[in-house]
Amino acid sequence: MNAARIPIRPFSMMRAFLATEAGGGIVLIACAMAAMIIANSSLSTAYFEALHMEVGGLSLVHWINDGLMALFFLTVGLEIKREMLDGQLARWSDRLLPGAAAAAGVAAPALIYATINAGDPAGLRGWAIPAATDIAFALGVLALLGPRVPASLKIFLAAVAIIDDLIAVLIIAIFYTAQLHALPLAGAAAGIATLLICNRRGVESLWPYLLIGLFVWFCVLQSGIHATLAGVAVAMTIPLRTSPGKPDEAHSPLYRLEHGLHPWVAYAIVPLFGFANAGVSLRGFTWPDVLMPVPLGVALGLLIGKQAGIFTTLWLMVRMGWAERPSGAGWGQIYGVALLCGIGFTMSLFIGGLAFGDGSHQNDAAKLGILLGSLLSACAGYGVLRFARR
């Protein structure tokens, strides 16, 4: 058979995704540490003043969180669509195990947080903060372990985190939208409708999608819905051509856009977001403050809730015969990965800002819980995986 006629399907997408996320995770860790050091040094005043410097009517941190992070959410949406249609989650049987694990990994931390903050209505707004997994941070830790962790577990972690991101997007859209403005919302809907028409008519050039997508982002910014959700909505309209026998699927618009965006998002946008949002001044905080309901709920939700929800669900499904254990992985290794899912850095910081408002004392307290819970989950997961047997 002529090798040139064999359809080239981009099966290496997941491998490239894992490699990019792992490298970006290491950069993110470095940026988060730098932010914490600067925020508690003599440079702290300059750091916070720079973040709140106005550019074009918005603060710098606002541009990062509402503007650049829209590209992060666009990439998340592209990953979700690709995996659902032509990747590791293309079949319902493939979605069952990571889907159930992700759902339990969202519910258990939220329940722990809500229980601890039951007497504080204002604090309850942060119930979703410990619900998300930071795939870049988690894969960055896995990268430090090299071949000790089987590829099946890395793919499982990526699948759980992708479904986790989808749930987080839905939570943001439903629970963190204060009020809606009809006219900009109608403009955004018209933009999405135009993009869907472009998709149906087979428009392959990315420029119409990107230009109209910019218009959609601006309308969503004015509508009351968080602007970053425009990225997910636009991603759903980008064409993905998966016809059997088609040899140029790797040149599909979705693949091209995802390949183009992913390094920028992993190595620049997410680390910049981490640098802008992880800096918490510890002046005024004491150790008893860590035991206050908000930081305690976040930290325990990430450290205890995530591992309990994910590992217990996976164990039960395997024992009941409803799913198979990831190939080549021992239960100790699976438990270590469940611990790493407690790293909730990027999305948790993002939801914390929506729940309590940037610069508020409660948001700083939530950041403290995020940093503590994520650090403990990372160290515990690394330790378990370092010594766990296959």
Side-chain angles (χ1 to χ4, degrees), residues 17-18 20-36 51 61-80 102 105-106 109 126 128-143 157-158 160-172 176 226-229 231-232 261-280 298-299 301-302 306 340-356 358 363 366-375 377-378 381:
F17 168 80
L18 293 173
T20 306
E21 289 286 356
I26 294 173
V27 177
L28 174 60
I29 293 170
C31 288
M33 292 175 61
M36 280 297 295
L51 289 177
V61 71
H62 199 167
W63 277 113
I64 293 171
N65 292 353
D66 284 17
L68 290 179
M69 284 299 283
L71 294 176
F72 166 77
F73 277 84
L74 173 61
T75 307
V76 167
L78 294 172
E79 290 167 0
I80 291 170
V106 168
I129 295 173
T133 295
D134 190 310
I135 185 172
F137 218 137
L139 288 174
V141 175
L142 284 184
L157 173 60
V160 168
I162 287 169
I163 297 173
D164 192 298
D165 282 342
L166 176 59
I167 297 173
V169 167
L170 294 174
I171 288 173
I172 292 170
Y176 293 103
H226 200 274
T228 51
L229 296 183
V232 178
L261 281 177
H262 213 280
W264 289 98
V265 170
Y267 290 106
I269 293 174
V270 171
L272 181 60
F273 171 83
F275 182 76
N277 290 271
V280 182
V298 171
L302 289 171
K306 273 291 184 182
L340 289 184
C341 288
I343 303 173
F345 193 75
T346 303
M347 195 68 83
S348 293
L349 288 173
F350 190 84
I351 294 175
L354 296 179
F356 299 128
D358 292 323
N363 192 32
K367 288 181 181 181
L368 204 59
I370 293 167
L371 294 171
L372 182 61
S374 297
L375 179 62
S377 296

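Every residue two or more places apart in sequence or in another chain that forms a salt bridge (charged side-chain N to carboxylate O under 4.0 Å, His left out) with Asp164 is listed here: Lys306. Remark: Ala32 engages Ala278, Phe345 in a side chain to side chain contact (heavy atoms under 4.5 Å, CB included) (not counting sequence neighbours). Partners of Phe356 according to the ring pair (Phe, Tyr, Trp, His ring centres under 6.0 Å) rule, which considers only residues two or more places apart in sequence or in another chain, do not exist here. Every residue two or more places apart in sequence or in another chain that forms a side chain to side chain contact (heavy atoms under 4.5 Å, CB included) with Val76 is listed here: Phe72, Ile80, Asp165. With sequence neighbours excluded, the residues satisfying side chain to side chain contact (heavy atoms under 4.5 Å, CB included) with Leu272 are Ile64, Leu68.
Atoms CE and CG, from Met69 and Leu229 in turn, are 11.5 Å apart once rounded to the nearest 0.5 Å. The structure places CG of Asn363 at 8.0 Å from CG of Asn277, a figure rounded to the nearest 0.5 Å. Distance CG/Leu51 to CG/Asn65: 9.0 Å, rounded to 0.5 Å.
Counting all heavy atoms, side chain and backbone alike, Pro109 lies closest to Pro130 at CB-O, 3.3 Å. Of all non-hydrogen atoms in Pro271 and Val265, the two that sit nearest each other are CD-O, 3.8 Å. The heavy-atom pair separating Ala132 from Leu302 by the smallest distance is O-CD2, 4.2 Å. Counting all heavy atoms, side chain and backbone alike, Leu371 lies closest to Met36 at CD1-SD, 3.5 Å. Looking at every heavy atom in both residues, Val270 comes nearest to Leu28 through O-CD1, 3.6 Å. Minimum interatomic distance between Ile171 and Ala128 (heavy atoms only, all atoms of both residues): CG2-CB, 3.7 Å.
Between Leu340 and Ser377, the closest side-chain pair of non-hydrogen atoms is not below 4.5 Å.
Exactly one residue among Thr346, Ile343, Val298 makes a side chain to side chain contact (heavy atoms under 4.5 Å, CB included) with Ser374. That residue is Ile343.
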Could you list the donor-acceptor pairs under 3.5 angstrom formed between side-chain atoms of residues 347-354 and any protein atom two or more places apart in sequence or on another chain?
unit_1, atom_1, unit_2, atom_2, d
Ser348, OG, Ile129, O, 2.6
Ser348, OG, Gly344, O, 2.3

